[in-house]
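Have a look at the structure below, then the notes.
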Amino acid sequence: MTDSLKTRPRRLRRSQLSVPGSSEKMMAKAAGSAADHVFLDLEDAVAPNAKVAARSKIVTALRDLDWGNKTRCVRINDLGTEYAYEDVITVVEGAGAHLDTIMVPKVKTAHDVMWIDILLGQIERKLGLTRRIGVEVLIEEVEGMMNIDAIAAASPRLECLIFGMGDYSASQGIDIGSAFGPSGYPGDIWHYPRYRLAIAARAHGLDAVDGPFADFRNPEAYREECRRAMTLGCVGKWAIHPAQIEPALEVFSPSAEAVTRARKLAAAYAEAQARGEGAVQVDGVMVDVASIRILQNVIDKAEMIGM
Ligand code: COA
Ligand code: MG
């Protein structure tokens with residue numbers, strides 16, 4: 001990992017709440033929610049005739065509401081629209097000091113990331129902002145999935161890659177009905193893209209995040225999607241409704257028992273190493289340096305959460 005990657009801010013993203021930027025009411029509700037991260041949307045959650053007005057509503061919400069410790073993000077429209085550049089200019093000039101990241105949807109190539117990197121740099125200089133605004137990208141086009149390694153390496157501003165399964169299905173021609181219908185696709189339809197995205201993210205020191213689950217009155221199915229994404233290395237999942245926040249916070253946090261066990265094994269291993277041993281048994285299980293790397297992920301998560 002290069003030094004610029006190590007300087008990336010570490011943020012919790014267990015639950016990333018999507019909020020229509022056209023709705024003052026929902027933005028106020030989001031500010032008071034338990035989500036780690038909130039993104040105020042200018043893209044799909046906002047109708048074309050409401051997009052321009054939503055920019056100033058977002059600026060006001062960012063400036064006036066108390067967001068606590070949340071990561072404050074704005075999702076702009078995609079680079080193929082006439083909206084994208086003014087989304088960035090209006091929101092960052094209006095509320096740059098009250099904003100942590102910009103999310104770019106439908107990223108296809110590394111150039112898309114460079115565009116937002118350069119534009120943000122210009123606005124930051126003009127405003128004299130001392131804190132770098134981060135970038136989050138949605139991988140939801142087949143081109144983006146093909147170019148994912150170059151995209152992940154494109155800018156030190158990048159903080160996370162998000163798998164957007166809705167648009168991705170459309171882009172690849174996946175028939176969601178057949179994939180999830182009574183017979184279902186053999187295995188998990190999202191296994192490959194989640195796995196691929198988690199590899200690219202981890203290799204570049206970024207967070208891997210799982211996208212939306214629309215059936216918000218089905219907590220069991222949502223929880224299962226969280227569990228699958230978490231198992232493959234994703235740090236969190238989107239919530240499109242407040243009901244999805246708590247399940248994601250729970251699934252993407254290690255249990256207290258897991259944290260206690262990880263710390264116990266790490267301590268046992270440190271003692272073993274001091275005795276000159278490379279492997280040790282704890283409660284009948286072998287612990288070596290590879291086990292410690294796995295456990296360290298649990299310990300790192302626990303420290304970020306404050307467990
Ligand atoms: N953020 C903040 N508050 C939300 C919310 C969200 N994403 N979704 C719902 N709420 C609020 C509602 O305003 C309502 O508030 P109230 O109790 O004060 O009236 C409460 O949570 C319960 O909402 P509910 O009545 O169950 O749902 P709804 O019919 O109002 O909204 C949706 C359903 C799907 C329209 C709404 O959840 C939504 O717009 N989600 C985000 C969609 C989005 O961002 N899509 C793009 C990314 S995939
Ligand atoms: Mg999308």
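Each ligand, and each atom within it, is numbered from 1 in the order the structure gives.
- Between D41 and ligand 1, not a single N/O pair is under 3.5 Å apart.
- Taking any N or O of W238, backbone or side chain, none lies under 3.5 Å from an N or O belonging to ligand 1.
- Near R75, meaning under 4.0 Å from any of its heavy atoms, are these atoms of ligand 1: 46 (C), 47 (C).
- Residue D167 approaches the Mg ion (ligand 2) most closely through its N/O/S atom OD2.
- The aromatic rings of Y168 and W190 stand perpendicular to each other, their planes meeting at an angle above 60°, with 30° marking the opposite boundary.
- For atom 39 (O) of ligand 1, the closest non-hydrogen atom on the protein side is P20 CG, 3.6 Å.
- The shortest contact between atom 8 (N) of ligand 1 and any protein heavy atom is with P242 CD, 3.4 Å.
- Counted within 6.0 Å of CZ on R275, heavy atoms from surrounding residues, nucleotides or ligands total more than 12; the atom is thus considered enclosed.
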- [ ] Would you please test S253 and R14 for side-chain hydrogen bond (donor to acceptor under 3.5 Å, both in side chains) and show each step?
- [x] CA-CA 8 Å; S253 304; R14 294 168 299 176; 2.8 Å; yes

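- For atom 24 (P) of ligand 1, the nearest non-hydrogen atom of the protein is H241 NE2, 3.4 Å.
- The closest donor-acceptor contact from the side chain of K51 to the backbone of L42 lies under 3.5 Å.
- Between W238 and F39, the ring centre distance stays below 6.0 Å.
- For atom 21 (O) of ligand 1, the closest heavy atom belonging to the protein is K29 CE, 3.5 Å.
- Among M165, M26, K25, the residue whose heavy atom lies nearest to atom 19 (O) of ligand 1 is K25.
- For I240, a nitrogen or oxygen atom sits less than 3.5 Å from a nitrogen or oxygen atom of ligand 1, counting backbone and side chain alike.
- Protein heavy atoms are absent from the 4.0 Å sphere centred on atom 28 (P) of ligand 1.
- Residues L206 and E159 form no side-chain contact, since every pair of their non-hydrogen atoms from C-beta on lies 4.5 Å or further apart.
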Open item on the list: What verdict does the salt bridge (Lys or Arg N to Asp or Glu O under 4.0 Å) test give for R228 and E224, after you've listed the backbone C-alpha separation in whole Å, the side-chain angles of each residue and the deciding distance to 0.1 Å?
Closed with: CA-CA 6 Å; R228 291 177 182 196; E224 174 62 13; 2.8 Å; yes

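- At least one protein heavy atom sits closer than 4.0 Å to atom 4 (C) of ligand 1.
- Ligand 1 places these atoms under 4.0 Å from at least one heavy atom of R217: 26 (O).
- Atoms of ligand 1 lying under 4.0 Å from any heavy atom of A45, numbered from 1 in the order shown and given with element: 43 (C), 44 (O), 45 (N), 46 (C).
- Using 4.0 Å as the threshold, E43 has no heavy atom nearer than that to any atom of ligand 1.
- Looking only at distances, no side-chain donor or acceptor of K70 sits under 3.5 Å from a matching main-chain atom of V38.
- For ligand 1, the polar-atom distance check against S18 finds a nitrogen or oxygen pair separated by under 3.5 Å.
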Open item on the list: Checking E225 against R194 for the salt bridge (Lys or Arg N to Asp or Glu O under 4.0 Å) test, could you report, in this order, the C-alpha distance in whole Å, the side-chain angles of both residues, the deciding distance, and whether it holds?
Closed with: CA-CA 11 Å; E225 292 298 306; R194 277 181 181 143; 2.7 Å; yes

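- Not one N or O on the side chain of Q281 forms a donor-acceptor pair closer than 3.5 Å with the backbone of V287.
- If you check which protein heavy atom lies closest to atom 34 (C) of ligand 1, you get F216 CE2, 3.7 Å.
- Counting backbone and side-chain atoms alike, D44 contributes no N/O/S atom closer than 2.8 Å to the Mg ion (ligand 2).
- The N, O or S atom of E140 lying closest to the Mg ion (ligand 2) is OE1.
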